[in-house]
Amino acid sequence: MTRAVSPAIARCELTHLARTAIDVHQAGAQHRQYEEALRGLGCRVVSLPAEPDLPDSVFIEDAAVALDELAVITRPGAASRRGETAAVAAALAPLRPLAFIEEPGTLDGGDVLRLGQRLFVGHSGRSNESGVAQLRALVAPYGYTVTAVPVSGCLHLKSAVTQVGEDAVLVHPGWLDPAVLGPVAVVAVAPDEPHAANGLLVGGRLLYPASFPRTRARLESRGVTVVPVDVSELQKAEGAVTCCSLVFTTSA
Ligand code: CIR
């Protein structure tokens, strides 16, 4: 599930990046190529319409955590993004039972890393203790554990770490100590590519920004099959590849 780029994306939230001009048409074109790359990886893409009043709505990952058994609709940490969840909930309702993070909890999907039945949640500027506790209570009945992990220097946990293989993660070690994840193979980003830890693993292949060639070489030398995609305009909005979709299985 994706959501088209908002014509208001230039008014996006920015936390760690300076604002630079975003070419909305280019961002839209890159987003369509991203959707095409997802199709190439075997996905059926359901694209929700653009939202002129929700600048960050293309980053649909933050609005929900889609598990096999249920979808948890988040309460995003940035107030400007709270209006994003209603349409995502409506689109997911036919596909999954829904549960909701309630006030005072905040949770961004970008802070939730799933490794099998283990969910790690970044204690970031966007996700708070109540959000983590609510998520834990909602998913525990299905056998998931939820562990809060400290993350610093970046927006979300998945800015610092993403899964790149069955038992392997890609990490920026300055933003997250990978030891908190337990025993798992670790690939570190190239030191001059700090934003390179975000890749989207789909069916054993990694959708990955074209702008990080040195980290890509590290991944390929470890046997990861990389599918590059140019998301340069979306990166100016502090987005990357996981945040532009919710990936889940359906029976349809
Ligand atoms: C924000 O600050 O919320 C957006 N400009 C970027 C969100 C990116 N989301 C993600 O990586 N999961």
Side-chain angles (χ1 to χ4, degrees), residues 1-24 27-28 30-31 34 38 48 50-51 53-66 71-85 88 101 106-114 119-128 131 135 149 151-163 169-172 175-176 189 194-202 206-209 211-212 229 231-248:
M1 187 171 287
T2 60
R3 195 170 202 177
V5 174
S6 172
I9 190 171
R11 290 190 276 115
C12 65
E13 294 283 337
L14 287 176
T15 307
H16 297 277
L17 284 188
R19 197 169 295 277
T20 53
I22 298 177
D23 181 330
V24 180
Q30 290 179 352
H31 187 256
Y34 170 91
L38 283 175
L48 306 188
E51 292 285 348
D53 297 323
L54 295 170
D56 280 306
S57 45
V58 64
F59 303 124
I60 190 171
E61 165 183 66
D62 294 318
V65 179
V72 177
I73 306 302
T74 66
R75 183 168 178 270
S80 70
R81 301 197 58 189
R82 303 231 168 103
E84 294 178 25
T85 55
V88 177
I101 301 295
T106 62
L107 186 76
D108 278 16
D111 273 321
V112 181
L113 172 72
R114 183 169 77 82
L119 304 185
F120 296 93
V121 185
H123 207 289
S124 73
R126 297 288 177 86
S127 300
N128 67 16
L135 179 67
V149 296
V151 60
S152 62
C154 57
L155 182 59
H156 287 128
L157 177 63
K158 278 187 279 191
S159 319
V161 59
T162 49
Q163 186 174 19
V169 292
L170 175 62
V171 175
H172 181 319
W175 292 345
L176 176 89
V189 297
H195 298 285
N198 187 273
L200 178 62
L201 190 64
V202 182
L206 190 73
L207 195 62
Y208 192 68
S211 52
F212 304 122
V229 59
V231 288
S232 57
E233 291 305 306
L234 299 165
Q235 286 170 320
K236 293 177 185 174
E238 229 167 330
V241 288
T242 63
C243 50
C244 293
S245 56
L246 291 166
V247 179
F248 50 89

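Start at 1 and go down the list; that is how both ligands and their atoms are numbered.
Protein heavy atom in closest approach to atom 9 (N) of ligand 1: Asp62 OD2, 2.8 Å. Atom 10 (C) of ligand 1 has Cys243 CB, 3.0 Å as its closest protein atom, hydrogens excluded (heavy atom only). For atom 4 (C) of ligand 1, the nearest protein heavy atom (residue, atom name, distance) is Asp56 OD1, 3.1 Å. At the top of the distance list for atom 12 (N) of ligand 1, counting protein heavy atoms only, stands Glu61 OE1, 2.7 Å.
Interface atoms of ligand 1 facing His156, defined by a heavy-atom separation under 4.0 Å, are 9 (N), 10 (C), 11 (O), 12 (N). Within the listing of ligand 1, atoms 2 (O), 6 (C), 7 (C) sit less than 4.0 angstrom from a heavy atom of Leu155.
Not a single heavy atom of Thr15 lies less than 4.0 angstrom from ligand 1. For Glu238, the heavy-atom gap to ligand 1 drops under 4.0 angstrom.
If you check each of Gly110, Ala237, Ser57 against atom 5 (N) of ligand 1, the one with the closest non-hydrogen atom is Ala237. Closest heavy-atom approach to atom 2 (O) of ligand 1 among the candidates Arg126, Arg81, Arg11: Arg126.
Between the Ser124 side chain and the His156 main chain, no donor and acceptor come within less than 3.5 Å of each other. In terms of modelled atom types and a separation under 3.5 Å, the side chain of Tyr208 and the main chain of Val241 share no donor-acceptor contact.
Contact annotation: for Glu13 versus ligand 1, heavy atoms closer than 4.0 Å belong to both the backbone and the side chain.
For the side chain to side chain donor-acceptor pair (under 3.5 Å) criterion with Asp108, the lone passing option out of Arg81, Arg126, Lys158 is Arg126.
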As a quick check of understanding, evaluate side chain to side chain contact (heavy atoms under 4.5 Å, CB included) for Leu155 and Glu13, giving each step before the final call. CA-CA 11 Å; Leu155 182 59; Glu13 294 283 337; over 6 Å; no

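To the nearest 0.5 Å, atom CG of residue Asn198 and atom OG1 of residue Thr162 are 5.5 Å apart.
When all heavy atoms are compared, the tightest approach of Gly110 to Asp62 is N-OD1, 2.8 Å. The two residues Ser159 and Ala197 have their closest heavy-atom pair at O-CB, 3.5 Å.
Inter-residue side-chain proximity for Cys12 and Arg19 is flagged as met; some heavy-atom pair is nearer than 4.5 Å.
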